[in-house]
Amino acid sequence: MTTFDYDLFVIGGGSGGVRAARIAAGEHGARVGLAEEDRMGGTCVIRGCVPKKLMVFASSYRTAMAEARAYGWSVEADGFDWTAFRGKLDAELDRLEAVYRSGLATAGVSVHDGRATVEDAHTVRLAGGETVTAKHILIATGGRPFLPPPAVAAGALSSNDIFRLEQLPKSVLIVGGGFIACEFACILNGMGVEVSQYYRGEQILRGFDGEARGHVAEAMRDQGIDLHVGTDVTAMEPAGEGTRVADTNGRERVFEKVIYATGRVPNTDGLGLERVGVKLGRRGEIVVDEWSQTSVPSIYAVGDVTDHINLTPVAIREGHAFADTVFGARPTKMDHDLVPSAVFTRPELGTVGMTEEAASEAGPVEIYEASFRPMQSAFAGRAERAMMKLVVCAKTRRVLGCHIVAPQAGEMIQLAAIPIKMGATKEDFDRTVAVHPVMSEELVTMRKPVRTA
Ligand code: NDP
C-alpha cells in the first residue's frame, strides 16, 4: 500500500482552502498540509470583503454626520484621515491573519508559507524545491483582478491596490460596472474623493434585477458620482500627476488615478494542472463535478478558481462539503441554488433568487413592489429612496426572487433568503405580521401586484 506524506494537501489559504483543511484535520482526523504564497486568509480577508466592508463603514460617516446635524446634533467634521484609517485597517488585517493561522495550528494543519505547484496526481512541489505526496490534493487558489493589457501598460490600479494607497487621490476614474466598481465608487465618494465611473454597457450591475440596477444607478448619481454608461476608455496617457483618459464619447479628461474593476480571473497559471491532466475551462477555471472533483480523481478544487459563484460563503461551503465527503464519510454536495448576495453600494443592493426578467421568461409572474423614502433619511431631508420587490410565480405562488435596495439591504436579504430557500409563498409572507416601524415591514405588507409579466 502506498503511503503518502499527507492525506490532504491544500494549495491556497483563502476561505475555501482554510475551511477544507480545518474540517479535514480538526474534525475528521486527516493529516493535512497547506501552502499559501501570500498572506493567510486570501482575497476575502486580506484584499476583499473584510477591508472593503471596513471601508464601507468608514465612508458612511460623512452622510451620517450630515444626518446627525439634521437631527439636532452639533457635529463638526474635520475631513477624513486616510492614513489613520489605514493604520487601523492594517492592524485589523494582521489580527485576522493571526486568527486564521492559529485556527489551522489548532486543527493540526502543517502550514507551508510559499508557492506550491502540482507535480503529479499525488505530488506537490513546494517553494524550496522539495516535494511532498498526498492522497488528495485540493486546489483553492482563488482568483485575481483582470485588467485589459492597455490599462496595465498605462499604470491603472486594480482593487488590490486600493487598500495599499499611501494617500487618497483627489479624483479617480473607475472603469467597470460590476460589484467591485460600484462598491468602490460609493466608498471613495463617501471618503471625499471626486469619483467618475465609466461602464461600457447600458446599465451597471449586469445580471441583477433591472429595476434594482436603475435604482442603484440613480442613487449613485444623486450622491455625486459622475456615472457614465455606454462609455469605455479608448486611450490613456500620463498627464502631470495624473492620467489623461479619452473615451468612446470623444471626451478627454484628466484623473489623478484610474482604477479598473473589470472582472476577476481564476488563479491557475503555472500550477502544473494541464501537465497532470486537470481539465480547465475557457477562462482558465478548473472544471469540477458536483463533488468538487476535477478530471484527475485525486485532485479537487473549490472556490473562485472554479469560477462558479465567486463569493466567500460559497467557497467555504464547498470546502466544508469536500472535507465531509472525502474525509468524514458524509457525502455532501454544495447546493448552488438560491444563493443570496449583497452589493455594498450606498444604499446597498441585496438579492436572492430570480430577477423579474429571468422569472418572466420562465413563466407568468406577479411583481410586488414598494418604493419609498426611508423614515430616517427622509426626516433629515434627504431624497434617498428604498426599493423592495418580490417576484412571485403566478401558478405556484412561490416567491422566486427578492430584491432590496436600501440601507442595510445586506442584513435584510440574509433573513429574506431563509423563507425563500424553504419555498415560501407570497401568502406565507402575507401571514407574517410586520415589525413596525422598520423598512423591511414592506416585505410583508405589499398587498397588490404592481404588474403581472
Ligand atoms: P464583475 O464580473 O462583477 O464585473 C466586471 C465589470 O467589468 C462588468 O461591468 C464588465 O462589463 C466590465 N468589464 C469586463 N471586461 C471589461 C473590459 N475589457 N473593458 C471594460 N469593462 C469591462 O467583476 P468584479 O471585478 O466587479 O467582481 C468580481 C466578482 O467578485 C463578482 O462577480 C463577485 O462574484 C465577487 N464580488 C462580490 C462582492 C460582494 O459579494 N459584495 C464584492 C466584490 C466582488 P459587462 O457587464 O459589460 O461584462
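Each ligand, and each atom within it, is numbered from 1 in the order the structure gives. Because the structure is predicted, anything quoted here is derived from the model rather than measured. Only heavy atoms go into these numbers, but all of them, side chains included; no hydrogens, no water, no symmetry mates.
- Between Ile404 and the options Glu348, His215, Met388, a side-chain contact (heavy atoms from CB on, under 4.5 Å) holds for only Met388.
- For ligand 1, the protein residues placed under 4.0 Å by at least one non-hydrogen atom are Lys52, Pro148, Gly176, Gly177, Gly178, Phe179, Ile180, Glu183, Tyr199, Arg200, Arg206, Asp232, Ala261, Thr262, Gly263, Arg264, Asn310, Leu311, Ala342, Phe344.
- Ion pairing of Asp324 with Arg330 is present here, as a side-chain N (NZ or NE/NH1/NH2) and a carboxylate O approach within less than 4.0 Å.
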Query - Leu157/Leu165 under side-chain contact (heavy atoms from CB on, under 4.5 Å): CA gap, chis, key distance, verdict - result: CA-CA 10 Å; Leu157 307 180; Leu165 285 172; 3.9 Å; yes
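- If you run side chain to side chain donor-acceptor pair (under 3.5 Å) between Glu318 and each of Lys333, Arg19, His336, only His336 comes through.
- Arg264 places no side-chain N or O within donor-acceptor distance of the main-chain N or O of Asp304, the cut-off being under 3.5 Å.
- By the 30° and 60° cut-offs, the orientation of the rings of Phe80 relative to Phe85 is tilted.
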